[in-house]
Amino acid sequence: MQNIIITGGAGFIGSHVVRLFVNKYPQYKIINLDKLTYAGNLANLKDIENKPNYKFVRMDICYFDGVYKLMQDEKVDGIIHLAAESHVDRSIKDPFTFAQTNVMGTLSLLQAAKLYWENLPEKFDGKRFYHISTDEVYGALEMTHPEGIKPPFTTKASSGEHHLAYGEKFFTEDLKYQPHSPYSAAKASSDHFVRAFHDTYGLPTVVTNCSNNYGPYQFPEKLIPLFINNIRHRKPLPVYGKGENVRDWLYVEDHARAIDLIFHKGTIAETYNIGGFNEWKNIDIIKVVINTVDRLLGRKEGEDMNLITYVTDRAGHDMRYAIDSSKLQRELGWEPSLQFEEGIEKTVKWYLENQAWMDNITSGEYEKYYEEMYKNR
Ligand code: NAD
Ligand code: DAU
């Protein structure tokens, strides 16, 4: 029996992690702690919300007293921490919120876990604080091979038609942190606090840094869901700069499976990078998305290419991310389960079949629902 708090469980990745844990571990109690910011959406969890081993608590991770009491009341053994402000463009406009949630919120959880666990008879025995971070903390890699080279490894994610790397260097776990955006600076700072709590107090922590995720339930401010929805409505597709920036894409359920494995089998105080060796230039991925949406909507494949609109680049736009996940593959035997071409097909299909989910967000209806639900509490 384990009682586990998953923070940010109403968001994109968090909802997949909650679903996996609730379904796979009926003997665990899963407490989804989420503030329901604009990015939180309980519709992401409709299929599991009535399961007996699931509980939702609306709370801000920065509210130390509340978080500490919740850990005591629920006799929490494990924390999987995903709650964060996660969108780079928002961090450029409003860095304070990112420092508050990502840094102070993480510190609040760390301190609450430490205080609660160190006063138990067994102390930190059998306990775990798992912090979910991003590859962006490592900064940007150079694009030494814009034409693409053969990558050092292939995985299922990268074994399709497209399997190129755009440089020789990859993000490894021992790299120096060099964040560039306020978002990644705040995530980097939270990672440092997590490690400091292990080194100073012996808190049983583990940190993972993952590459770009894609899949169902992603908030439509991020590249893939935003563009799918815009293509559907034949709205312009704002491509930042020249569209040459490279991201390393992983299907969200493969990330959730890695989190499950690392939560149970990862070594305390270790860091694991998670990614599928699946690099894509933005413009190439955008073309795949356009072709897929057109085909699935019964339009002529590629007829919406004219929606591509080059716009001013993102400030400080990182050129290339590429994760080396060989440590995780070697030590814990994780591998992505989906070839990228399959994952994109599945993803586009999901958004097109779940237009009510999308429309509920773009119309703002989903937020009104919470206001109504929580107005008397
Ligand atoms: P998201 O923006 O979709 O969801 C974030 C969730 O956190 C939302 O449900 C929101 O309501 C909640 N939240 C925000 N502030 C909160 C607060 N103060 N208190 C409680 N809850 C709060 O994010 P995501 O894309 O699912 O990312 C989840 C985590 O994974 C983040 O920590 C992010 O840094 C990390 N990550 C994301 C990616 C990616 O590609 N999306 C890749 C690597 C790592
Ligand atoms: O690498 C992991 C990170 O991936 C996570 O830590 C972040 O939470 C997540 O948001 C994501 O960050 P990115 O900035 O890479 O994702 P985004 O979807 O915002 O953008 C992907 C790329 O597409 C990036 O190079 C910017 C570009 N882009 C994005 C948008 C929204 C565009 O060209 N146009 C757009 O409208």
Side-chain angles (χ1 to χ4, degrees), residues 6-18 32-42 44-45 57-63 66-67 80-92 97-98 100-102 104-106 108-109 131-138 140 171 179 181 183-184 186-187 190-191 208-215 217-227 230 236-250 252 255-256 259 273-275 280-283 285-286 308-314 316-323 370:
I6 298 181
T7 71
F12 166 46
I13 303 171
S15 64
H16 288 274
V17 178
V18 167
N32 173 9
L33 189 170
D34 198 296
K35 181 182 176 181
L36 297 181
T37 65
Y38 78 93
N41 186 354
L42 290 178
N44 297 357
L45 292 162
V57 176
R58 187 179 194 187
M59 194 182 282
D60 189 329
I61 53 168
C62 301
Y63 175 39
V67 168
I80 304 179
H81 174 36
L82 295 108
E85 288 293 337
S86 69
H87 193 43
V88 175
D89 294 329
R90 285 182 191 253
S91 83
I92 295 167
T97 310
F98 282 69
Q100 178 65 19
T101 291
N102 299 1
M104 297 307 287
T106 301
S108 154
L109 288 168
H131 177 61
I132 309 296
S133 192
T134 171
D135 59 357
E136 301 200 10
V137 297
Y138 298 119
F171 292 143
S181 73
Y183 162 67
S184 52
K187 289 296 291 187
S190 68
D191 296 8
T208 56
N209 299 79
C210 188
S211 60
N212 285 62
N213 285 212
Y214 71 98
Y217 300 113
Q218 188 167 30
F219 196 82
E221 62 188 350
K222 307 277 164 63
L223 181 77
I224 291 183
L226 174 73
F227 278 33
N230 281 12
L237 307 175
V239 180
Y240 298 163
K242 294 185 181 148
E244 295 277 303
N245 302 64
V246 169
R247 296 292 180 266
D248 181 354
W249 294 92
L250 182 69
V252 63
H255 188 189
I259 290 173
N273 283 351
I274 310 175
W280 285 75
K281 285 184 185 171
N282 290 343
I283 193 66
I285 222 169
I286 289 163
I308 291 176
T309 310
Y310 291 93
V311 298
T312 310
D313 209 352
R314 172 185 277 174
H317 197 173
D318 285 335
M319 194 61 215
R320 169 174 171 250
Y321 301 150
I323 276 272
Y370 301 133

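Counting convention: from 1, in listed order, for ligands and their atoms alike. Computed from heavy atoms alone, side chains included, the values below leave out hydrogens, waters and symmetry copies.
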Compute both the distance and the angle, then confirm whether R247 meets the cation-pi test with Y214: under 6.0 Å from the six-membered ring centre, within 45 degrees of the axis.
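No, R247 does not sit over the ring of Y214.
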Looking only at side chains, do E136 and Y321 share a donor and an acceptor under 3.5 Å apart?
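Distance-only check passes for E136 and Y321.
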For H131 and S190, test the side chains for any donor-to-acceptor distance below 3.5 angstrom and give the result as yes or no.
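Present: a donor and an acceptor within the cut-off.
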Nearest non-hydrogen protein atom, [atom]:
atom                    : answer
atom 8 (O) of ligand 2  : S86 O, 2.7 Å
atom 42 (C) of ligand 1 : S211 O, 3.3 Å
atom 23 (O) of ligand 2 : N282 ND2, 3.4 Å
atom 36 (O) of ligand 2 : P238 O, 3.4 Å
atom 4 (O) of ligand 1  : G11 CA, 3.4 Å
atom 25 (O) of ligand 2 : H317 NE2, 2.7 Å
atom 16 (O) of ligand 2 : N212 ND2, 3.5 Å
atom 40 (O) of ligand 1 : N213 N, 2.9 Å

Compare [options] and give the one whose heavy atom is closest to [atom].
atom                    : options                : value
atom 20 (O) of ligand 2 : R314, E85, R320, K242  : R314
atom 38 (C) of ligand 1 : I13, L36, T134         : I13
atom 33 (C) of ligand 1 : Y183, Y214, F12        : Y183
atom 43 (C) of ligand 1 : S108, G275, S190, C210 : C210
atom 23 (O) of ligand 1 : G14, S133, S86         : S86

Tell me whether [X] has any N or O atom under 3.5 angstrom from an N or O of ligand 2.
X    : value
E136 : yes
S211 : no
D89  : no
V239 : no

Checking the N or O distance criterion of under 3.5 Å, is ligand 1 in contact with [X]?
X    : result
H255 : no
L82  : yes
Q218 : no
Y38  : no
I61  : yes
D34  : yes
L33  : no
K35  : yes

Taking non-hydrogen atoms only, is [X] closer than 4.0 angstrom to ligand 2 via side chain, backbone, both or neither?
X    : value
V88  : side chain
N213 : neither
L223 : both

Quick one: which ligand 1 atoms are inside 4.0 Å of a heavy atom on [X]?
X    : result
N212 : 40 (O)
M59  : 19 (N), 20 (C)
I132 : 30 (O), 32 (O)

Please list, in number order, the atoms of ligand 2 under 4.0 Å from a heavy atom of K222.
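In order of numbering, the contacting atoms are 10 (O), 18 (O).
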Among the heavy atoms of E221, does any lie under 4.0 Å from an atom of ligand 2?
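Yes, E221 has a heavy atom closer than 4.0 Å to ligand 2.
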